[in-house]
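Encoded as structure tokens, the structure appears first; notes follow it.
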Amino acid sequence: MLPALAIGAFALCTPLASHDGSGDDSDGDSSDQRRHDQPSEAVEAEEYGAAVAFVLDLGGLRHTAARAGVLTEILSTADLSWVPTGGADPGTLDLRNLLDMVLSIDLGTAAGLTGATLVADVQWIAGDDGSAATGVLQNFSNVDAEHRFQLASIWYDQRVEATGTALRLGKMDANEQFAAVDAASHFVHSSMGFSPTILALPTYPDPAFGLTVTQELGASLEIALGVFDGSGQRGVRTGSNGPSSLLHGGTDPFSIGEVRATWSAAGGGRLAFGAWHHDGDFARFDGGVDDGASGAYAVFEQRAWTDGSDDARAIDAFLQLGTADDAISPIATHVGLGATFTRPFSERFDDLLGVGMSMARTSDDPAAGFDRDHETAIELFYGFAPAPWIRVKPDVQLVLNPGGTSQHGDALVLGLRTTLSL
């Protein structure tokens, strides 16, 4: 934890080219829930003097590289949570940190390859897994994971504007392109990022090698297909591993497809339908084994209100649905809904207010061991930027029937997330 926190503190005086303020990450994907709290810019090191600026900018190397299309970025996300009551272990106080070190190369600028991008992301995950300690089915913090240091992703993306085609190859987080809920991306609860009914999705903390193809079918319609190394279902740490499971065989592929429609009428919105299939073996609650697993999901998002005098001040609503086979999945169906209010109180502090609910209906199979038919999390957060290089987000969650069992009382989770940008 200490090295991650130390580097996070280092962010307070490290320069970086300014972001656009949208919260999007540098590779162009805006759907990674853990990186949507990215501050709008980093502290200008020149405020600390020319000598400090020279050292922190590596003698000008970072800015020189940026002009050549090579961007470097470090984000440190620290989550503090306290469960004063309820759950498996009332009184739990946990601190965890996710450190992302990202290298993004615009190969069009750097090497003349039009539409090509190369991205690598090194992650340091440290601290406590508060969700596991509380015994919930759905993680209440989307950075909860076991300790590790890993090359989380390294991929090549090629876009062909003339045909509306995009191809991505390498180690990647499937949730950056599939099942994402943009309007819910600022929530802390993990199920706001994608439906927990999608079993063995290659996502944080275990992205995997794969290939995805996205094809535009018109101005407002596109289809995306992906196939990934599915060995995570067998307990392989794909996030920490290279392509060894692919090269040596024995990989059960995870396949996913999604059709998306967008519109600009009534403020703009998006509708996506997806289906997935995993070829691996899945243990049934009754003691048998299923050869493969499948499911489906849907995402609906709509801008519900916009301030006529300030387009950036708006309310966005979302609805997500998911389903899986409850003979093998602890969560049979999932419903998530909520809304976010951009700049409800302050343009200066670029604040954001959100309220949402994620209800996971537990398996009806008697052998699954649940005596409650659902676990439901209700979340309220308020995020703001006291300075352009930091975002702070107090968060309150109420988890009903944690773990889907009567053995645990309803849990109150009080959280504080801090994100620093270098």
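The chain is numbered in sequence order, starting from 1.
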Please assess Thr212 against Gln177 for the test side chain to side chain donor-acceptor pair (under 3.5 Å), listing each intermediate value before the final yes or no.
CA-CA 9 Å; Thr212 67; Gln177 300 182 74; 3.2 Å; yes
Could you grab the distance from atom OG1 of Thr134 to atom CG of Asp144, nearest 0.5 Å is fine?
8.5 Å
Take a 6.0 Å sphere around CZ of Phe341 and say whether it holds more than 12 heavy atoms from other residues, nucleotides or ligands.
yes
Residues Leu103, Leu71; criterion side-chain contact (heavy atoms from CB on, under 4.5 Å); working and verdict
CA-CA 6 Å; Leu103 174 69; Leu71 299 179; over 6 Å; no
For the rings on Phe228 and Phe209, is their centre-to-centre separation under 6.0 Å?
no
Apply side-chain contact (heavy atoms from CB on, under 4.5 Å) to residues Asp252 and Ser231 and explain how you reach the verdict.
CA-CA 6 Å; Asp252 299 311; Ser231 58; over 6 Å; no
Between His189 and Ala377, which heavy-atom pair has the shortest distance, and what is it?
NE2-CB, 3.4 Å
Beyond-backbone contact of Phe370 with Arg372, side-chain heavy atoms, under 4.5 angstrom
no
Decide yes or no on side chain to side chain donor-acceptor pair (under 3.5 Å) for Asn401 and His374, but give the supporting numbers first.
CA-CA 7 Å; Asn401 304 322; His374 70 95; 3.1 Å; yes
Got a second to check how far Phe384's CZ is from Ser346's OG, nearest 0.5 Å?
10.0 Å
Decide side chain to side chain donor-acceptor pair (under 3.5 Å) for Arg270 and Thr262; before the verdict, give the C-alpha distance in whole Å, the side-chain angles of both, and the deciding distance to 0.1 Å.
CA-CA 4 Å; Arg270 184 175 77 98; Thr262 59; over 6 Å; no
Using modelled atom types and a 3.5 Å cut-off, is there a donor and acceptor pairing between side-chain atoms of Asn139 and backbone atoms of Asn142?
no
Is the backbone of Asp291 close enough, under 3.5 Å, to the side chain of Asp281 for a donor and an acceptor to pair up by distance?
no
Carboxylate-amine/guanidinium contact Asp206 Arg148, below 4.0 Å:
yes
Nearest heavy-atom approach of Lys171 to Gly239 is NZ-O, 2.5 Å
Test side-chain contact (heavy atoms from CB on, under 4.5 Å) on His278 and Gln233; report intermediate values, then the result.
CA-CA 9 Å; His278 197 297; Gln233 169 62 17; 3.5 Å; yes
Backbone N/O of Gly292 and side chain of Asp290: donor-acceptor pair under 3.5 Å:
no
Using a 4.5 Å cut-off on heavy atoms from C-beta on, say whether the side chain of Ser191 contacts that of Pro196.
yes
Tell me, do Asp325 and Ser294 make a side-chain contact under 4.5 Å, heavy atoms counted?
no
Scanning both residues in full, the closest heavy-atom pair of Phe349 with Arg391 reads O-NH1, 4.5 Å
From the options Asp157, Val160, Leu211, select the one residue that forms a side chain to side chain contact (heavy atoms under 4.5 Å, CB included) with Leu167.
Leu211
Nearest atoms (heavy-atom pairs only) where Asp89 meets Ala133:
CB-O, 3.8 Å
Determine the minimum heavy-atom distance between Ser329 and Leu199, stating which atoms define it.
OG-CD2, 3.6 Å
One should read off an interatomic distance between Asp121 CG and Tyr204 OH, to the nearest 0.5 angstrom, of 10.5 Å
Salt-bridge present (Glu146, Arg96; N to O < 4.0 Å):
no
Under 3.5 Å, is there a donor-acceptor pair between the side chain of Glu301 and the main chain of Phe318?
no
So, the side chain of His408 versus the backbone of Gly86: is there a donor-acceptor pair under 3.5 Å, distance only?
no
Does Gln138 use its side chain to pair, donor to acceptor, with the backbone of Ser190 at less than 3.5 Å?
no
For a 4.5 angstrom cut-off between non-hydrogen side-chain atoms, does Ser358 reach His334?
yes
Side-chain touch Arg168/Tyr156, heavy atoms, less than 4.5 angstrom
no
Applying side-chain contact (heavy atoms from CB on, under 4.5 Å), run through Val392 and Leu416 and close with a yes or a no.
CA-CA 7 Å; Val392 178; Leu416 179 65; 3.7 Å; yes
Beyond-backbone contact of Trp263 with Ser220, side-chain heavy atoms, under 4.5 angstrom
no
Applying the side chain to side chain contact (heavy atoms under 4.5 Å, CB included) test to Arg417, which of Asp395, Leu80, Thr77 qualifies?
Thr77
Polar side chain donor-acceptor pair, Thr165 to Gln215, under 3.5 angstrom:
yes
Give a yes-or-no answer on whether the side chains of His277 and Ser255 include a donor-acceptor pair shorter than 3.5 Å.
no
Does Phe381 reach the side chain of Thr340, with side-chain heavy atoms less than 4.5 Å apart?
yes
To the nearest 0.5 Å, tell me how far Glu216 CD sits from Arg159 CZ.
9.5 Å
State, yes or no, whether a side-chain contact exists between Val122 and Val102 at a heavy-atom distance under 4.5 Å.
no
Between Lys393 (side chain only) and Leu352 (backbone N and O only), is there a donor and an acceptor less than 3.5 Å apart?
no
Show, in sequence, the C-alpha distance, side-chain angles and deciding distance for Tyr297 and Glu258, and conclude whether the side chain to side chain donor-acceptor pair (under 3.5 Å) test is met.
CA-CA 9 Å; Tyr297 63 89; Glu258 185 173 298; 2.5 Å; yes
Does the Asp365 side chain pair with the main chain of Ala367, one donor and one acceptor, at a distance under 3.5 Å?
yes
Looking at Leu414, Val136, Ile378, Val188, which one forms a side chain to side chain contact (heavy atoms under 4.5 Å, CB included) with Gln397?
Val188
Is the backbone N or O of Ser406 less than 3.5 Å from a side-chain atom of Asp371, with the two atoms forming a donor-acceptor pair by type?
yes
Show the nearest heavy-atom pair for residues Pro207 and Gln150, with the distance to one decimal.
CD-NE2, 4.4 Å
Judged by modelled atom types alone, do Asp311 and Thr306 share a side-chain donor-acceptor pair under 3.5 Å?
no
Could you grab the distance from atom CG of Asn175 to atom CG of Leu201, nearest 0.5 Å is fine?
6.0 Å
Rounding to 0.5 Å, atoms CG (Asp100) and CD1 (Ile74) come to a distance of 10.0 Å
Counting distance only, does the side-chain N/O of Arg361 pair as donor-acceptor with the main-chain N or O of Ala332 below 3.5 Å?
no
